[in-house]
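Notes follow the structure.
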Amino acid sequence: MKRALITGVTGQDGSYLAELLLRKGYEVIGLVRRSSSFNTDRIERIYQDPHASDYRFKLVYGDLEDASSLNRIIRTTTPSEIYNLGAQSHVRVSFDVPDYTADTVGLGTLRLLETLRETGQKCKLYQASSSEMFGGSPPPQNETTPFRPRSPYACAKVFAHHLCENYREAYGMFICSGILFNHESPRRGIPFVTRKITRAAARISHGLDRKLFLGNLEAKRDWGFAGDYVEAMWLMLQQEQPDDYVIATGESHSVREALEVAFGTLGLDWHKHVEIDPRYFRPTEVDHLCGDASKARAKLGWQPKVHFKELIEMMVKSDEADVRSALEGRAPAV
């Protein structure tokens, strides 16, 4: 039985990836940070009683800021695959907490790489790189496009990405970096713009809110479904040779288009409810990201199944169902 370690298992991608690996027969170890409150909502559906005989999903305490915990976990669990998804991943917030972002994203990756080098653990590593690394480079962006990061988050991701390249070449490690473009789902965190939009549309449709405050409506992104993208992560580690891959749909849409689809799904006119708030503008904006995933299609056989309109509609319907359930007293309000 293969054993996989996932950092960031309680996040959107971590939860979808854990489900995928369990379906494929893996034993899954999820790294979680200690907190006074539980943050395991996304993985509740796959939680297993550790006393069960078929127990294949285990949570362990650790932190990318704590090298000793990484060393202990890798030595004791001996994973055959590691998926490094943990990070402070909100781009706008990275301007407010740049030190913390650089520590978790950049130095956290370095600590993980050094742990693997020092322990000699022979396993395959997936590194979550980001389309934000391209920043100011014009689209379409692929594996050879120059990085021009425009946020502390993107700078930290570039550092981590180059570290992985260096350790792969210097020490012969099996390391694949997935340069994933924006990927969303009903599990997306509420502060991220797509979920902020779909949740607001759902609440406005039921009279719970009247306004939605946003920043740059003209920013264009290549949005895909997180459930599709975690399959690409797994495929990378099943190859004979490690490599880096762009994962994207090849289509870009503006925040304005996301508003039109989300509010239109519920019969609303977004113009009546959306206001611009300067606090949501980034000090340096990334205007247009659109990925060229032809390499992933050719070498991995991967292609997206869910596209933009279907994705936004899926998220709106999920948020609307949650709001309706809360109003009917069947669930806490979202």
Side-chain angles (χ1 to χ4, degrees), residues 7-14 31-33 35 39 42 63-66 83-113 126-137 139 141 145-164 177-185 187-197 199 213-224 226 229 246-248 252 255 258 276-291:
T7 71
V9 72
T10 58
Q12 170 189 250
D13 293 5
L31 187 148
V32 295
R33 289 176 295 176
S35 173
N39 183 28
R42 295 184 181 97
D63 199 310
L64 288 169
E65 294 182 277
D66 179 14
Y83 296 84
N84 184 29
L85 312 183
Q88 189 301 103
S89 60
H90 196 285
V91 177
R92 177 61 188 85
V93 171
S94 76
F95 286 97
D96 301 324
V97 287
D99 286 9
Y100 175 66
T101 301
D103 198 3
T104 58
V105 176
L107 294 180
T109 301
L110 178 59
R111 294 183 188 104
L112 183 57
L113 291 169
Y126 170 82
Q127 167 64 16
S129 291
S130 169
S131 61
E132 287 288 331
M133 300 190 304
F134 295 123
S137 288
Q141 295 99 357
T145 302
F147 296 142
R148 293 180 58 195
R150 293 176 64 78
S151 68
Y153 169 76
C155 290
K157 279 293 186 183
V158 170
F159 174 60
H161 182 86
H162 285 316
L163 278 174
C164 289
S177 293
I179 307 174
L180 271 57
F181 281 63
N182 295 64
H183 44 289
E184 321 294 317
S185 76
R187 301 180 196 176
R188 189 56 144 155
I190 291 172
F192 291 85
V193 67
T194 50
R195 183 74 194 287
K196 189 176 180 180
I197 288 171
R199 180 176 179 267
F213 296 92
L214 294 173
N216 182 9
L217 303 189
E218 307 311 321
K220 291 184 176 181
R221 294 294 185 268
D222 185 329
W223 278 302
Y229 284 38
V246 161
I247 303 299
S252 63
V255 175
I276 303 301
D277 187 336
R279 80 182 71 183
Y280 296 120
F281 283 87
R282 302 177 185 179
T284 46
E285 182 59 81
V286 174
D287 297 317
H288 192 181
L289 295 175
C290 185

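In this chain, residues are counted from 1 in sequence order. The structure displayed is predicted, hence computed values, not measured ones.
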Side chain to side chain contact (heavy atoms under 4.5 Å, CB included) evaluation trace for S89 with F192
CA-CA 10 Å; S89 60; F192 291 85; 3.7 Å; yes

Check step by step if side chain to side chain contact (heavy atoms under 4.5 Å, CB included) holds for V9 and Y83.
CA-CA 9 Å; V9 72; Y83 296 84; over 6 Å; no

Yes or no on side chain to side chain contact (heavy atoms under 4.5 Å, CB included) for L85 and Y126, after CA distance, side-chain angles and deciding distance?
CA-CA 8 Å; L85 312 183; Y126 170 82; 3.8 Å; yes

Apply the test side chain to side chain contact (heavy atoms under 4.5 Å, CB included) to residues I197 and T194: give CA-CA distance (whole Å), side-chain angles for both, the deciding distance (0.1 Å), then the verdict.
CA-CA 5 Å; I197 288 171; T194 50; 5.8 Å; no

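In terms of the salt bridge (charged side-chain N to carboxylate O under 4.0 Å, His left out) criterion, residue partners of R187 (sequence neighbours excluded) are, by chain and number, E19. In this structure S94 satisfies the side chain to side chain donor-acceptor pair (under 3.5 Å) test with no other residue, sequence neighbours excluded. When the ring pair (Phe, Tyr, Trp, His ring centres under 6.0 Å) test is applied to F147, the partners found at least two apart in sequence or on another chain are F134, H161, H162. Every side chain to side chain donor-acceptor pair (under 3.5 Å) that D13 has, sequence neighbours left out, goes to H183. For R33, the salt bridge (charged side-chain N to carboxylate O under 4.0 Å, His left out) test picks out no residue, with sequence neighbours left out. With sequence neighbours excluded, no residue forms a side chain to side chain donor-acceptor pair (under 3.5 Å) with Q141. I276 is linked by a side-chain contact (heavy atoms from CB on, under 4.5 Å) to L217, F281, counting only residues two or more places apart in sequence or in another chain. Partners of Y153 by ring pair (Phe, Tyr, Trp, His ring centres under 6.0 Å), not counting sequence neighbours: none found. Shown here are the salt bridge (charged side-chain N to carboxylate O under 4.0 Å, His left out) partners of E184, two or more places apart in sequence or in another chain: R188. Residues forming a salt bridge (charged side-chain N to carboxylate O under 4.0 Å, His left out) with D277 (at least two apart in sequence, or on another chain): R279. For Y100, the ring pair (Phe, Tyr, Trp, His ring centres under 6.0 Å) test picks out no residue, with sequence neighbours left out. With sequence neighbours excluded, no residue forms a side chain to side chain donor-acceptor pair (under 3.5 Å) with R148.
Here the shortest heavy-atom pairing between R111 and D66 reads CD-N, 4.4 Å. In this structure, A102 and A156 approach most closely via the heavy-atom pair CA-CB, 4.0 Å. Counting all heavy atoms, side chain and backbone alike, T109 lies closest to A160 at OG1-CB, 3.6 Å. Considering every non-hydrogen atom in both H288 and P139, the closest pair reads ND1-CG, 3.4 Å. The minimum heavy-atom distance between L64 and G86, with the atom names listed, is CD1-O, 3.4 Å. In terms of heavy atoms, G135 sits closest to V286 at O-CG1, 3.4 Å.
With hydrogens and angles disregarded, a donor-acceptor distance shorter than 3.5 Å links the side chain of T284 to the backbone of R150. With K157 contributing its side chain and S131 its backbone, the two residues share no donor-acceptor pair below 3.5 Å. The backbone N or O of P146 lies less than 3.5 Å from a partner atom in the side chain of S137, making a donor-acceptor pair. Within the 3.5 Å criterion, the main-chain N or O of S185 finds a donor-acceptor partner in the side chain of Q12.
Once rounded to the nearest 0.5 Å, the distance linking SG of C164 with CG of L110 reads 9.5 Å. Here the CD atom belonging to E65 is positioned 9.0 Å from the CG atom belonging to L107, to the nearest 0.5 angstrom. Note that CD of Q127 is 8.0 Å distant from CG of L112, once rounded to the nearest 0.5 Å. Note that CZ of R42 is 7.0 Å distant from OG1 of T10, once rounded to the nearest 0.5 Å. Rounding to the nearest 0.5 Å gives a distance of 9.0 Å between CG of D96 and OG1 of T101.
A salt bridge links E285 with R221; the closest basic N to acidic carboxylate O contact falls under 4.0 Å.
With a 4.5 Å cut-off on side-chain heavy atoms, R92 and Y280 do not count as touching.
Q88 and T104 are not linked by any side-chain donor-acceptor pair at a separation below 3.5 angstrom, with hydrogens and angles left out of the test.
The local environment of NZ in K220 is sparse, with at most 12 non-hydrogen atoms from other residues, nucleotides or ligands closer than 6.0 Å.
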